[in-house]
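A quick write-up on the structure given underneath.
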Amino acid sequence: MPTPTHTLIEAVTLATSASSVTFSSIPQTYGDLVLALNIKPTAALNVRLRVNGDTGTNYNYVVMAGNGTAASSASAASQDFIYLDYTAYTNITASVIQANFIDYSTDKHKSILARASNSTTGVNAQGIRWASAAAITSMEIYAISNQFDVGSTFHLYGIAKAL
Amino acid sequence: MSLMLLGILNSQAAGGGGVPAFELLATQISSGSTSSITFAGLNAYTDYKHLQIRYTVKNTGGATDLGIRFNGQTDGNYHSHGIRGTGSSVQARSQTFTSYVNFEYAMASSNGTDIFSSGILDFLDFANASTKPMLRAAYGYVNPAVFTDIYTASGMYSGSNQAISSITLLTFFNNFAANSRFSLYGIKG
């Protein structure tokens, strides 16, 4: 029998501006997670991610981006956080971001495929690896400068892998 | 489920009505001794308009390509296009008239026990018998000890128009490593 999935785990809509949102106690009953963000900034900002409160240098990424005039690609290893929007940073207009966390509850390193779009700064696609065999139980989406403005939304979904 | 914030916000719990539109149909996990997996009998999934495969995969040997075939056809009428970010440049890639849709560098190497590549494959309107079988893909591999890549890609079979009744994913070198996982989903429309 098919298993209905893409199940909403938690939804957040900001009623006041905030510098971070954390989803904690993430259920371990799914195969993948999907994070969907609609970020309205108080002023220009980048959207950062950490999982399980890990501030160690365990994040690696590769990104390709377009800003309307040029395409580019960059990569880095051993970062202590990950940008979810990278060059498609959130500026004036809202950015929409979707990130897929594949096999988040297994003992594999966690693979994340993300897309970010902003109508003034550009678009990008990104591959991320969190170099940890620990299951993802929480994630923090945060900004260093400025804040996520009122009306920004954060949705976390679970996708089953076992019938 | 708990939630922590540095601001004040509204939060709504999970739930909501409506008919479920995204459903898990099957999962296959490699034991490490197979070079292909097939999702067959797709013509029976008449409740669905689109299919999606979500995977994590690695090879038992070196990093290599992921091949895809429709309906068991092995002739040279497959094509693929992609945009590749290597970490230092963006490249336009294509392969034409191959014997499988060739998603290059989509499969992690055996380097790094826990390091897998991942991807999401969408088969839109898969049961349409009036068009060529096709798919779109997003996949990536981040292992600086080998290489890093992020792709958006597409593939198609340019033979006769036909519905997709089976999808085979394969490696032409070695096998899918143990715990490579392929899950098939149906999306109603």
Side-chain angles (χ1 to χ4, degrees), chain A residues 2-27 31-32 60-66 71-77 100 102-103 106-109 111-113 115 125-129 131-133 140 142 147-148 159-163, chain B residues 1-16 19-27 29 45 47-48 54-56 83-91 108 112-120 138-144 147-152 179 181 183 185-187:
Chain A
T3 300
T5 188
H6 209 297
T7 305
L8 178 63
I9 296 172
E10 186 103 34
V12 173
T13 301
L14 294 184
T16 60
S17 60
S19 58
S20 75
V21 170
T22 298
F23 293 108
S24 59
S25 302
I26 295 171
D32 303 339
N60 308 269
Y61 73 86
V62 58
V63 63
M64 62 178 173
S72 63
S73 182
S75 65
N100 290 269
I102 311 296
D103 262 353
T106 69
D107 59 3
K108 300 171 183 173
H109 285 193
S111 180
I112 304 164
L113 295 172
R115 289 281 307 275
Q126 189 171 200
I128 299 163
R129 178 170 60 88
S132 172
E140 179 188 23
Y142 68 102
Q147 291 192 317
F148 305 135
I159 296 185
K161 67 175 180 180
L163 291 169
Chain B
M1 188 74 207
S2 64
L3 174 70
M4 297 185 297
L5 292 176
L6 297 180
I8 301 170
L9 52 82
N10 293 329
S11 138
Q12 65 188 60
V19 177
F22 191 97
E23 297 184 337
L24 172 65
L25 303 177
T27 286
I29 298 174
Y45 291 129
D47 287 346
Y48 305 99
R54 306 171 69 90
Y55 70 81
T56 58
I83 304 171
R84 175 192 188 193
T86 66
S88 58
S89 66
V90 178
Q91 304 168 353
T113 304
D114 301 325
I115 303 174
F116 289 65
S117 58
S118 64
I120 300 171
Y139 60 89
Y141 177 40
V142 186
N143 184 356
F147 59 80
T148 58
D149 269 318
I150 181 74
Y151 266 85
T152 62
N179 294 321
R181 193 256 294 181
S183 293
Y185 301 86
I187 302 166

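Every heavy atom of this structure was used, including side-chain atoms; hydrogens, water molecules and symmetry mates were not. Each chain gets a letter, A, B and so on, in the order its sequence line appears, and its residues count up from 1.
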Region of [X] that comes under 4.5 Å of a non-hydrogen atom in chain B:
X	answer
A:Asp107	backbone
A:Tyr61	backbone
A:Thr5	both
A:Ala162	backbone

Is [X] in contact with chain A via its backbone, its side chain, both, or neither, using a 4.5 Å heavy-atom distance?
X	value
B:Ala26	backbone
B:Ile29	neither
B:Phe147	neither
B:Thr152	both
B:Tyr45	neither

Would you say the side-chain atoms of A:Lys108 pair up with the backbone N or O of B:Asn179, donor to acceptor, closer than 3.5 Å?
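Judged by distance alone, yes, a pair lies under 3.5 Å.
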A:Leu163 and B:Leu24: CA distance, side-chain angles, deciding distance, side-chain contact (heavy atoms from CB on, under 4.5 Å) verdict:
CA-CA 7 Å; A:Leu163 291 169; B:Leu24 172 65; 3.8 Å; yes
Pick from B:Gly87, B:Ser118, B:Gly140 with the largest number of heavy-atom pairs that fall under 4.5 Å of chain A
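That would be B:Gly87.
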Choice from B:Thr148, B:Thr86, B:Ile115, B:Thr27 maximising heavy atom contacts with chain A below 4.5 Å:
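So the answer, after comparing B:Thr148, B:Thr86, B:Ile115, B:Thr27, is B:Ile115.
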With a cut-off of 6.0 Å (strictly less than), are more than 12 heavy atoms of other residues, nucleotides or ligands near CD1 of B:Ile187?
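Correct, the count exceeds 12.
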Any idea which heavy atoms bring [X] and [Y] closest together, and the distance?
X	Y	value
B:Phe22	A:Ile159	CE2-CG2, 4.1 Å
B:Ile150	A:Leu113	CD1-CD2, 4.0 Å
B:Ser183	A:Lys161	OG-CB, 3.9 Å
B:Glu23	A:Pro2	OE1-CB, 3.4 Å

Spatial distance of atom CG (B:Asp149) from atom OG (A:Ser73) [nearest 0.5 Å]
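Here the interatomic distance stands at 8.0 Å.
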Rounded to the nearest 0.5 Å, how far apart are OH of B:Tyr55 and CG of A:Asp103?
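Atom-to-atom, B:Tyr55:OH and A:Asp103:CG are 13.0 Å apart.
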Residue among A:Thr106, A:Ile102, A:Ile112 with most heavy-atom pairs under 4.5 Å to chain B:
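Heavy-atom pairs under 4.5 Å are most numerous for A:Ile102.
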Could you check which of A:Val63, A:Ile128, A:Asn100 has the highest count of heavy-atom pairs closer than 4.5 Å to chain B?
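Looking at each of A:Val63, A:Ile128, A:Asn100 in turn, A:Asn100 comes out on top.
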Does the side chain of B:Val142 come within less than 4.5 Å of A:His109's, by heavy atoms?
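Counting from C-beta outward, A:His109 and B:Val142 never come under 4.5 Å.
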Run the side-chain contact (heavy atoms from CB on, under 4.5 Å) test on B:Arg181 and A:Asp32 for me, step by step, so that the C-alpha distance in whole Å, both residues' side-chain angles and the decisive distance to 0.1 Å come before the verdict.
CA-CA 11 Å; B:Arg181 193 256 294 181; A:Asp32 303 339; 2.7 Å; yes
